[in-house]
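Only heavy atoms go into these numbers, but all of them, side chains included; no hydrogens, no water, no symmetry mates.
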Amino acid sequence: MIDQNYRWYPVYTHSRAEKKANGELKRKGIQTYLPLKKAVKQWSDRKKIVEEPLIKSYLFAYISAREYAEVLMTNGVARFIYFSNRVASIPDQQIHDLKLLLATDADLELIDYDIKPGESVLIKAGPFKGMRAELVSVHHKQRIILRLQDMGYSININTSIAFIEPIL
C-alpha cells in the first residue's frame, strides 16, 4: 500500500539548478520550499544583492509517495535524499522553523562540520588567516576564543565560526 500522507521531502538537485527545479515543480502543481538567503555579489563594476539557496543543491517538496515519480521526472531534480534505506522526510515544524529563521533577516551561515572545544583549527579568513589554533570556546557562533599555539596566548576573537575549519 502506498503512503498517501503528505510530508516534506528533501530533494537533491543538479548543481546550481535549485531555482530551475523549484519553478518546474511549481508549474506541475507541487508545493515546494526553496530556502533562500540574500548575498552581496561583487563584479568589477558593481555590487548586487542576490538571493541564493541557503543549502546548495537542496529544496523541499510537500508530496505523498504517489508523487515521487513526478518529482524525479522534473528537469533539474537529481534524486531524493535517503536515510536508513528510506526516503527521508522532514517534520512540518522544522520547515516552519526554517521559514521563521529566514524571515528574521539574520546573517545566516551554514557550516557542514561540528567543531568542539579542544580541537585544532585552521583560520580561513581575517587578520589571522592561515594560522593554526586550538578552539577554546564558542559563544553563539559569533564569538570564538582561539588559543594560538605559536604564541602561547588565548585571543578572544569576535568572528564567525564559519571562518575556521577543523584540522583533520
Side-chain angles (χ1 to χ4, degrees), residues 2-42 47-117 119 121-126 135 137-145 157-166 168:
I2 295 178
D3 183 5
Q4 296 190 17
N5 294 322
Y6 278 76
R7 293 187 180 94
W8 287 102
Y9 293 95
V11 176
Y12 192 77
T13 67
H14 295 293
S15 180
R16 303 175 77 119
E18 303 92 348
K19 289 181 181 179
K20 178 182 179 181
N22 189 53
E24 293 286 326
L25 288 168
K26 285 186 181 215
R27 275 190 279 290
K28 290 181 175 186
I30 295 173
Q31 183 181 350
T32 62
Y33 176 56
L34 175 59
L36 298 171
K37 66 176 181 173
K38 289 185 169 78
V40 177
K41 296 293 182 182
Q42 170 107 29
K47 286 183 182 178
K48 186 176 181 181
I49 296 175
V50 297
E51 285 188 323
E52 58 184 26
L54 176 66
I55 308 168
K56 298 216 182 301
S57 294
Y58 278 80
L59 63 85
F60 302 94
Y62 191 68
I63 59 170
S64 70
R66 282 187 297 183
E67 286 101 359
Y68 284 176
E70 190 65 33
V71 170
L72 290 173
M73 292 187 299
T74 303
N75 285 335
V77 170
R79 59 184 166 82
F80 283 102
I81 303 301
Y82 283 80
F83 183 73
S84 298
N85 294 325
R86 297 183 63 186
V87 175
S89 66
I90 307 294
D92 291 351
Q93 187 61 46
Q94 285 185 5
I95 296 294
H96 177 72
D97 292 347
L98 185 56
K99 288 178 181 180
L100 283 176
L101 189 63
L102 287 170
T104 64
D105 243 6
D107 187 20
L108 300 176
E109 297 176 72
L110 189 68
I111 57 172
D112 58 357
Y113 45 78
D114 186 24
I115 304 175
K116 294 179 179 52
E119 290 187 29
V121 297
L122 177 66
I123 304 171
K124 300 187 300 186
L135 180 65
S137 65
V138 178
H139 304 281
H140 308 296
K141 296 205 183 229
Q142 286 299 319
R143 188 165 200 73
I144 59 177
I145 298 175
I157 299 175
N158 188 16
T159 188
S160 172
I161 197 166
F163 290 160
I164 63 174
E165 64 185 18
L168 302 176

List the atom of [X], the atom of [Y], and the distance in Å for their closest heavy-atom pair.
X: P53; Y: L34; value: CB-CD1, 4.4 Å
X: P10; Y: A88; value: CD-O, 3.2 Å
X: A21; Y: G76; value: CB-C, 4.0 Å
X: I30; Y: E70; value: CD1-CG, 4.1 Å
X: K28; Y: M73; value: NZ-O, 3.4 Å

For the atom pair [atom1] ([X]) and [atom2] ([Y]), what is the distance rounded to the nearest 0.5 Å?
X: N5; Y: I63; atom1: CG; atom2: CD1; value: 12.5 Å
X: L102; Y: K37; atom1: CG; atom2: NZ; value: 10.0 Å
X: R86; Y: I81; atom1: CZ; atom2: CD1; value: 16.0 Å
X: Y6; Y: R66; atom1: OH; atom2: CZ; value: 5.5 Å
X: W8; Y: L59; atom1: CH2; atom2: CG; value: 9.5 Å
X: I95; Y: I90; atom1: CD1; atom2: CD1; value: 6.0 Å

State, with a plain yes or no, whether a side-chain heavy atom of [X] is found less than 4.5 Å away from one of [Y].
X: E18; Y: S57; result: yes
X: V11; Y: Y58; result: no
X: Y62; Y: E67; result: no

Practice task
Look at the aromatic rings of Y68 and Y9 and report parallel, tilted or perpendicular, splitting at 30° and 60°.
Solution key: perpendicular
Practice task
Among L98, D92, L100, find the residue that satisfies the side-chain contact (heavy atoms from CB on, under 4.5 Å) test when tested with H96.
Solution key: L100
Exercise for the section: Can you spot which of R16, K19, K41 makes a salt bridge (Lys or Arg N to Asp or Glu O under 4.0 Å) with E52? Expected result: K41
